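Here is the structure we will look at.
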2 protein chains.
Amino acid sequence: MRDIAEKLSISSVTVSKALNDKEGVSDELKEKIKSVAEEMGYRFNTLAKSMKEGYSYNIGVIIPERFTGTTQSFYLQFYQYISQVLDSRQYSGILHILSEEDETSVRLPRIYNERKADGFIILGQINNDYAAAIYDMDVPVIFLDFYNDQNNIDSVLTDNFYGVYEATNYLIKSGHRKIAFVGNIYATSSIQDRYLGYYKSLLEHRIRLEESYVISDRDERGRFIDIDLPADLPTAFICNCDQVAYNLINLLKKKGINVPEDCSVMGFDNDIYATLTEPQLTTVAVDMEEMSRVAVKFILEKVRDKDKKYGRTFIKGNIIYRESVRDLNN
Amino acid sequence: MRDIAEKLSISSVTVSKALNDKEGVSDELKEKIKSVAEEMGYRFNTLAKSMKEGYSYNIGVIIPERFTGTTQSFYLQFYQYISQVLDSRQYSGILHILSEEDETSVRLPRIYNERKADGFIILGQINNDYAAAIYDMDVPVIFLDFYNDQNNIDSVLTDNFYGVYEATNYLIKSGHRKIAFVGNIYATSSIQDRYLGYYKSLLEHRIRLEESYVISDRDERGRFIDIDLPADLPTAFICNCDQVAYNLINLLKKKGINVPEDCSVMGFDNDIYATLTEPQLTTVAVDMEEMSRVAVKFILEKVRDKDKKYGRTFIKGNIIYRESVRDLNN
DNA sequence: CTGAAAGCGCTTACAG
DNA sequence: CTGAAAGCGCTTACAG
């Protein structure tokens with residue numbers, strides 16, 4: 001900046017104003033400054049601005065390691081959207097993958113300790129101790145895709161309840177009345193909410209909830225278990241996630257039950273498993289784009305105004321219609 | 001820092017020295033300063049240090065968008081290793097996912113324009129124009145997992161050649177002599193190198209290269225095509241990547257050919273497709289950890305010394321033994 | 001419309 | 001062992 005100023009024998013203040021399109025510089029001079037800057041290959045130094053203003057223009061995005069395995073590109077895709085939205089707001093995203101170890105021992109990331117970010121988006125359930133530590137940070141935080149009732153940090157969530165509610169409605173509209181839900185309803189709050197959406201739809205349609213139609217898919221520690229098919233096979237299954245739908249379809253196939261001819265299956269998430277099944281899965285897609293937009297909007301507003309509160313915000317997903325559901329009306 | 005200094009009625013210079021474990025402060029005072037800093041919840045402001053030193057202590061990692069789809073968590077996992085290694089060197093990684101649009105129109109990322117990173121690791125093949133623009137940047141760059149002969153940017157690469165060479169050796173040692181290679185050998189240089197490793201192994205074992213045993217898997221634009229099985233079925237296929245192995249196994253199954261009983265299949269990459277096949281795939285795992293370590297080492301050395309050159313560095317992968325290869329010796 | 005002065009929070013080189 | 005001074009590259013508030 002000083003070099004530019006010297007070259008044109010003006011002050012760096014004027015250069016700063018011109019480059020930032022601020023008032024107080026003649027259009028003519030402004031143009032000249034801009035072209036000289038271009039010519040000299042000038043690259044703005046955000047650091048200096050940051051230091052002056054006290055903003056880093058970075059948002060940290062923290063994803064627990066266990067959500068980033070080989071089979072889990074879901075959250076990483078999410079990050080992509082977040083980073084795009086941040087970019088459009090003149091911000092950069094700093095992705096931090098939180099190792100199991102750091103999470104257990106509650107070691108906050110370098111980007112926090114060194115003030116490299118103005119705020120944080122936590123993407124994916126973290127343990128309570130870590131959540132508490134984050135709550136104590138003197139930096140704005142948003143939880144994305146999960147919440148935690150220990151402390152009231154603002155959260156942006158998939159509307160699990162209404163997502164499965166609508167999915168179940170769709171099955172019923174397609175003529176199904178014997179519908180099972182697959183998922184351990186005690187395992188996570190999101191499975192529980194999905195289950196309740198299923199239940200609400202049944203209630204509204206005066207369909208009795210059959211105990212044998214609520215089928216566990218994992219143990220309390222989250223490990224998948226073999227799925228027990230009920231003796232009286234339903235005409236449709238609604239699974240709490242695509243991976244389980246994938247497993248279920250393979251199981252049905254092995255037993256000689258064709259999907260969707262003999263039995264329909266729906267998933268939730270629209271992740272990689274949704275297109276790996278044969279037939280491909282009709283499922284509920286999380287609206288990552290909208291969720292990212294909202295999360296970024298919230299966090300940036302919180303950066304400017306520490307006292308903003310949003311509570312829990314639910315974003316509805318969309319049903320993606322593919323091949324795994326049969327319409328019984330025809 | 002000033003607050004701490006005031007509280008102890010000393011100067012901020014002394015505080016700085018104490019916190020950085022530099023010489024010139026008595027141990028006693030150093031301890032006191034540290035505990036007061038802790039107490040006051042002091043967080044270091046890297047920005048100021050950065051500005052003074054001219055280093056941001058960030059490394060940008062750029063991944064082209066097309067490598068980050070639902071089915072492609074490979075590079076994102078890679079980023080995880082990179083970010084871990086960076087962390088151990090007091091650096092942070094800034095992940096930038098390069099959109100198709102920005103790549104085509106050669107729009108350099110904000111983190112470059114705003115000097116938010118001291119250097120860049122480009123993870124995954126980018127087009128020539130973009131590579132040229134990067135070459136012109138006045139910032140150190142390393143290509144990871146690909147190279148580009150238009151310009152001689154230092155690259156850290158999987159040893160495709162020796163990886164498939166060893167995989168083919170393994171098949172031969174398992175009694176196979178009729179071995180086919182699956183991959184369009186004109187599509188990318190990495191497929192080509194893998195093919196040549198296969199060929200070298202055949203040569204060394206005096207096995208004739210059958211033209212009909214080199215089978216294309218994709219068109220020139222990289223889109224997968226149907227695989228044409230040769231009339232005379234080989235006893236083993238070596239595929240240029242796991243996804244193609246996945247497709248091949250499904251094709252073989254459809255034709256009633258059992259893997260590995262009737263026919264063995266090997267992959268390359270050890271990505272999600274390797275564990276999605278039934279049986280699971282014996283494949284060559286890219287050594288992401290070592291590659292990340294080397295790439296970070298190189299980039300950080302280049303940051304301190306712009307003139308360092310490394311050329312192309314090849315890192316060997318490891319064979320992961322699973323269920324898709326049959327030992328014909330028994 | 002233009003610019004001199006002060007300051008953001010740190011570190012380095014030097015003086016005491 | 002301790003500290004006063006200068007400077008990193010920008011911006012803001014004010015004066016001319």
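These figures come from a predicted structure and were not determined experimentally. Note on naming: letters A, B, ... go to the chains in the order of the sequence lines (proteins, then strands), and numbering restarts at 1 for each one.
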Nearest-neighbour nucleotide for the B/Val13 side chain, D/dC10, D/dA5, C/dC1 considered: D/dA5
Sugar-phosphate only, base, or nothing, as touched by A/Leu47 at under 4.0 Å among non-hydrogen atoms: nothing
Pairing nucleotide - C/dG16, Watson-Crick or G-U, each distance under 3.5 Å: D/dC1
Given C/dT12, C/dG9, D/dT2, the nucleotide with the shortest approach to the side chain of B/Met51: C/dG9
Under 4.0 angstrom between B/Asn20 side-chain N/O and C/dT11 OP1 or OP2: yes
Closest nucleotide among D/dC1, D/dC10, C/dC10 to the B/Lys52 side chain: C/dC10
C/dG9 phosphate, OP1 or OP2, under 4.0 Å from B/Ser12 side-chain N/O: no
Sugar-phosphate only, base, or nothing, as touched by B/Lys17 at under 4.0 Å among non-hydrogen atoms: base
Face-on cation placement of A/Arg43 at B/Tyr112 ring, 6.0 Å and 45° thresholds: yes
N or O in side chain of B/Tyr55 less than 4.0 angstrom from C/dC10 OP1/OP2: no
C/dG3 OP1/OP2 closer than 4.0 Å to side-chain N/O of A/Thr14: yes
Listed nucleotide nearest any side-chain atom of A/Asn45, set C/dT11, C/dG9, D/dG9: D/dG9
Within-4.5 Å side-chain heavy-atom neighbours: A/Val139 and A/Asp118: no
Side chain of A/Ser16 - closest among C/dG9, C/dT2, D/dT11: D/dT11
Touch class at under 4.0 angstrom, heavy-atom based, for B/Glu23 against every strand present: nothing
Cation over ring face, B/Arg304 and B/Tyr55, 6.0 Å, 45°: yes
Aromatic ring pairing B/Phe298/B/Tyr310, orientation class (parallel under 30°, perpendicular over 60°, tilted between): parallel
